[in-house]
Amino acid sequence: MDYNNLPKDKFVFAQREGKIADKKLDTKPVGYLRDAWRRFKKNKSSVAAAIIILILFLYAFIVPIASPYKVSDRDGYYKMVLPKSELFAWLGWDGCTEQSESQAGYDYYNSIGQEYGTSAVKEVRNAETDPLSGNRIYTLYVDSYEKVGFTYVDLTQEEYEALKEYQNNTGIQVVYPMPANYKTDFVAVTNGANLWYKLADETDKTAGETKNHDENGNPIYEADYLMKKNLTYGQYDSLRMDIPGDGEGGLHVVYAVKNQTGFHLRVLYKEYYNYLNGHYATHVFGTNQHGQDIFMCLAFGARLSFLLAICVSVLNLFIGVIYGSVEGYYGGATDLVMERIAEILGEVPFLVVATLFQMHLAKKVGPVPSLLFAFVMTGWIGIAGRVRMQFYRFKNQEYVLAARTLGASDKRLIFRHIFPNAIGTIITSTVLIIPNVVYSESMLTYLGIVNLETSGITSVGTMLSHGQTYMSTNPHILLFPALFISLLEIAFNLFGNGLRDAFNPSLRGAEE
Amino acid sequence: MLKYVIKRILLMFVTFFIIATMCFILVKMLPLPNAKAQGRDYNLVLERREKMGYNKPILTQYWIYWKNVFNFGGTSGKGWSPDFGLGEQMYISQNVFDVLKEKMPYTIVVNLYSIIIALPLGLLFGIYAALRKNQWQDHVVSTVVMLIVSVPSYVYAFLVQYFLCYKTGWFSLTVASRETASLFSWTMFKSMCPAVLSLSFGTIALLTRYTRAELSEVLTGDYLLLARTKGLTKNQAITRHAMRNAMVPILPMILGLIIDILAGSLIIEGIFGIPGIGKLYITAINLRDYNFFMVLTFFYTLVGLVASLVVDLSYGFIDPRIKMGAR
C-alpha cells in the first residue's frame with residue numbers, strides 16, 4: 001500500500017460527539033469524614049459496639065415513655081420480686097426462686113393459692129425428713145409474685161362501689177371473704193390476710209381423728225371438717241370451702257367491714273393490682289426494696305445519665321474549642337495566662353468540684369444542674385488542650401500563610417483553615433466524654449454525694465447503692481444496673497478505639 | 001536541671017495555694033450546720049463558733065487558718081503540730097489532723113498490697129503480650145484487658161464481695177475493725193483481701209495495656225535488629241535493649257500509681273468498710289463537717305499535684321536524653 005497517498009475517504013472520525021478533554025472523574029472524591037466512615041465500617045468490633053450503644057440509647061429513651069410503670073410507683077407488696085418475663089419464662093426468667101422451708105412454711109406457701117386456684121409453690125424440688133428432729137424439710141420453687149397472696153385494704157364508699165361494679169362487669173373476683181372476727185383472731189398472723197390455717201393440731205394427731213397431711217406433706221382439705229369441728233381461730237384451712245351460713249359452722253364470714261372512713265376488705269392482691277393499674281405486675285428486671293420496677297428505673301437513670309452526658313459533651317466542646325483556638329492561635333502571653341488558668345482548674349480534684357457545686361447550688365438549682373456545672377467546670381480542659389496542640393502544629397504552615405496573604409480574617413483562619421484539622425481528635429474525645437460522665441455520675445450518686453432520691457428521680461448510682469444493701473439476699477437488684485454500666489463502658493471503649501483509628505488518616509491502608 | 005526542678009516545685013506550691021484559697025473561700029461561704037440540731041446546746045454552739053472565730057471576716061479567718069496550720073512548736077512544744085481545726089459533726093472536738101493521721105495507714109496498706117500484687121502481674125502480662133504480638137496469646141490478653149479496663153472498679157468489688165465473701169464465705173464482708181485486729185495481723189490481712197483484689201484488677205489491666213503498647217513499639221526499632229545482628233540472643237536483646245527503653249514511659253506511670261496509694265479509692269473503701277481516709281471524706285461530706293472536708297480536699301489536691309510533678313520530673317531522671325525544661 002502506498003502510505004504516502006492514502007485516499008481521504010479511508011479516514012473515519014474515531015469520536016465526534018462530546019468532548020473527551022476535561023472529562024469529570026467517574027468516581028466521587030472521598031472526603032475526610034467519608035473516608036473515616038469507610039474505615040470505621042471495616043472494624044467489626046467497633047461496629048458491634050456502636051450497635052450495642054444504639055440499643056442502650058433506645059432502651060434509655062423508649063422504655064421510660066412506653067413502660068406502664070413510673071419511678072414514683074412504689075408498690076408496698078411487690079417488693080424485691082424477681083425478674084419475670086413472659087417471653088423468656090422457659091429460660092428460668094419466671095420470677096420464681098428456690099427456697100428451703102419447714103412444714104409450716106410449705107403449708108403457708110401452698111395454701112395461699114388454694115382459695116383462688118393457683119399455688120405460690122410451682123414445684124416441690126425436694127422433700128426430706130430431718131433424721132434428728134423428724135421435721136420435714138422442703139425445697140420449694142416459689143413464685144415471688146404469687147406469694148404476696150391476699151392483703152387487707154381500706155376503701156372509701158365510692159371506691160368500694162366502683163370495685164364491686166368492676167367485679168360484676170368483668171366477673172373477676174377481687175374481694176374475698178374474711179372472718180368477721182379477724183381483728184381479734186388474727187393478731188398473731190404475720191401476713192395478715194393470707195389465712196392458711198392448718199388443720200394440724202397436737203390433739204388431733206394423738207387422737208388419730210384426722211390426718212392433716214397426706215404422705216407428700218400436702219394438707220388435706222376437708223369440707224366436712226369445718227362442720228365437724230366447732231371452728232375457731234387457727235383451725236380452718238381455707239375460706240374457699242363451702243362455708244355454711246352465718247354462725248352455723250361456728251365461723252362468721254363477711255366481705256367488708258365498715259369503719260369510720262369506709263370499708264375494710266380482703267382482696268386478692270394480684271387482681272386488685274390489675275384492677276388499679278389495668279395490667280398484672282410483670283417486672284422484667286424485678287423490683288427493688290421500694291417496690292420500684294428496675295427495668296423502668298434503670299432506663300430512667302440511663303436516660304438521665306445520657307442527657308447529662310450529651311449536654312456536658314456539647315458544652316465542653318463549645319467552650320473547649322473556643323478556648324483552645326484562642327490559646328493556640330494567638331500564643332505568647334495570651335496563651336501563657338490562659339494555660340495557667342486551665343492548669344490550675346484542671347488540678348482541682350473532680351470530686352472536690354462536684355462536692356462544692358452540690359453544697360452551693362443543689363438547694364438553689366437542683367442536684368442535676370449543679371452536677372452539670374461541675375462536669376462543665378473541669379471537663380472542657382481536655383478538649384481545649386487538644387485543640388491548642390493542633391493549632392500549634394498547623395498555624396505556621398504555608399497554606400495558612402497563603403490564606404493570610406489573601407486577606408483572610410482571624411476568625412476565618414481559625415475556623416475554616418486550622419480547626420478542621422482537629423476535627424478527628426475532637427469528635428473522638430467528645431464522644432468519649434459520655435462514658436466518663438456516666439461513670440462519674442454513677443459514682444457520685446452511689447456514694448451519696450449527689451442525692452437524687454429526694455427529687456423523685458433515680459440514677460444508675462442510686463440503684464447500685466440500693467442493690468448493694470440487699471446483695472446477699474436479692475442480687476438481682478444490683479445485677480442489672482451493674483451489668484448495664486459495664487456493658488456501656490465496654491461498648492464505648494471499643495467504639496472509641498474504632499473512632500480514633502478511623503479518624504487517623506496516617507493509618508490509612510496500614511490495617512491488615 | 002536543678003533550677004528547673006526548683007521552679008516546678010515552687011510553681012506547684014503556688015498552684016496549691018491558689019486552689020486551697022478558692023476552696024477555703026467557697027467552703028466558708030457555705031451556711032454553717034444547723035446549731036439547733038437535736039442533742040446540742042444552742043447557746044454553747046454559738047459561743048463556741050464565736051470563740052473559733054467563725055463570725056470574723058473570711059480573710060481574717062483565712063489568715064488564722066494558715067497561722068494555725070504552720071504551728072511550729074505550738075501547744076505540744078514538739079516540732080510541727082498543725083491545727084486544721086476540730087471535728088464538729090463527727091469525731092467531735094478531736095483534732096482533724098490527728099484523725100487523718102490515724103486513718104491514713106489503712107488506706108496506704110490496702111493500696112500498697114494491691115500495688116504489690118498488680119505491678120509484677122501487670123508487667124508480666126504486658127511483656128508476654130508484646131512478645132507474642134498478633135498471635136492468639138496476645139489477642140486473648142488484649143481482649144481480656146480491654147474488658148477489664150472498661151468495667152468500673154466497683155463492679156469488681158460487687159463481684160468479689162458476692163462470690164468470694166457471700167457465696168463461698170472465704171472472706172468476711174467487711175474489713176476487720178481496728179479493735180479486734182491490729183493493722184499488720186493475719187486477720188486484718190485476710191479481711192483486706194477482697195478489697196485488695198478488687199483494686200488490683202484495674203491496675204493490672206492498665207499496666208498490661210501500657211506495657212504491651214510501649215514494648216511492642218520499642219521492639220520494632222532498628223537498634224533491636226542491630227543488637228540481634230551483632231550476635232545477641234533474642235532474650236539478651238529484649239532484656240538489655242528493649243526493656244530498658246520501654247521502661248522510660250512505664251516507670252513514671254508506676255511512680256504515679258505509687259503516689260496515688262495515698263489517695264486510695266473512695267468507692268472501694270465504702271464498699272468494704274475500710275476505715276481509711278476515703279470513707280472519712282465521704283462521711284465528712286454527708287455530715288457537712290467542713291473542717292474535715294477542707295483538710296481532705298487539701299490532701300487530695302496535694303497528692304494529685306505531687307503525683308503529676310513527680311511523673312513529669314521522673315522522665316528527665318530516667319532517660320538522660322530528655323532535657324528538662326527545654327522548649
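Chain letters run A, B, ... following the sequence lines, proteins first, then strands; residues in each count from 1. Predicted model only: the values in this text are computed from it and were never measured.
Within 6.0 Å of the CD atom in B:Glu217, the count of heavy atoms belonging to other residues, nucleotides or ligands does not exceed 12. In this structure, A:Tyr392 places its OH atom where more than 12 heavy-atom neighbours from other residues, nucleotides or ligands lie under 6.0 Å away. Residue-environment remark: CZ (A:Arg393) stays at or below the threshold of 12 foreign heavy atoms within 6.0 Å. Open room surrounds CE on A:Met377; 12 or fewer heavy atoms of other groups in view lie less than 6.0 Å from it. A:Tyr329 OH: more than 12 foreign heavy atoms inside a 6.0 Å radius.
For A:Leu478, the part lying near chain B is the side chain, with the backbone staying farther off; criterion is any non-hydrogen pair under 4.5 Å. Proximity to chain A involves both the backbone and the side chain of B:Tyr162, based on heavy atoms less than 4.5 angstrom apart. Proximity to chain A (any heavy atom under 4.5 Å) is restricted, for B:Tyr290, to the side chain, taken from C-beta onward.
Taking OG from B:Ser150 and CG from A:Asn493, the interatomic distance works out to 3.5 Å, rounded to the nearest 0.5 Å. Rounded to the nearest 0.5 angstrom, B:Met146 CE and A:Leu494 CG are separated by 3.5 Å. Expressed to the nearest 0.5 Å, how far CG of A:Leu464 lies from CD1 of B:Ile267 amounts to 8.0 Å. Atom CD1 of residue B:Ile282 and atom CG of residue A:Leu447 lie 4.0 Å apart, to the nearest 0.5 angstrom. Atoms CD and CZ, on A:Glu347 and B:Phe16 in that order, are 12.0 Å from each other to the nearest 0.5 Å.
Of the listed residues (B:Val14, B:Leu266, B:Ile18), the greatest number of heavy-atom pairs within a distance under 4.5 Å of chain A belongs to B:Leu266. Chosen from B:Ile271, B:Thr15, B:Leu11, the residue pairing most often with chain A at heavy-atom distances under 4.5 Å is B:Ile271. Note on B:Leu147, B:Leu159, B:Thr297, B:Ile19: by heavy-atom pairs under 4.5 Å with chain A, the leading option is B:Ile19. Of all the listed residues (A:Ser472, A:Ala482, A:Ser486, A:Ser45), the one sharing the greatest number of non-hydrogen pairs under 4.5 Å with chain B is A:Ser472.
When side chains are defined from C-beta on, B:Thr301 counts as touching A:Pro349, because their heavy atoms get closer than 4.5 Å. Between B:Tyr300 and A:Val348 the shortest side-chain heavy-atom distance does not fall below 4.5 Å. A heavy-atom distance below 4.5 Å is found between the side chains of A:Val352 and B:Tyr281. Two residues are said to be in side-chain contact when any heavy atoms from C-beta on lie closer than 4.5 Å; A:Met359 and B:Val27 fail this criterion. A 4.5 Å side-chain heavy-atom check between A:Tyr439 and B:Ser153 finds at least one atom pair inside the cut-off. Side-chain contact between A:Met471 and B:Phe158: present, with at least one pair of heavy atoms (C-beta onward) separated by less than 4.5 Å.
Between the side chains of A:Ser442 and B:Tyr154, a donor-acceptor pair is found at a separation under 3.5 Å.
Remark: side-chain polar atoms of A:His360 are not paired, donor with acceptor, to backbone N or O of B:Leu30 under 3.5 angstrom.
For the pair A:Gly448 and B:Asn286, the tightest heavy-atom approach, listed with the atom from each and the gap, is O-OD1, 3.3 Å.
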CA sep, side-chain torsions, deciding dist, call: A:Glu489, B:Val155, side-chain contact (heavy atoms from CB on, under 4.5 Å):
CA-CA 12 Å; A:Glu489 298 291 325; B:Val155 175; over 6 Å; no
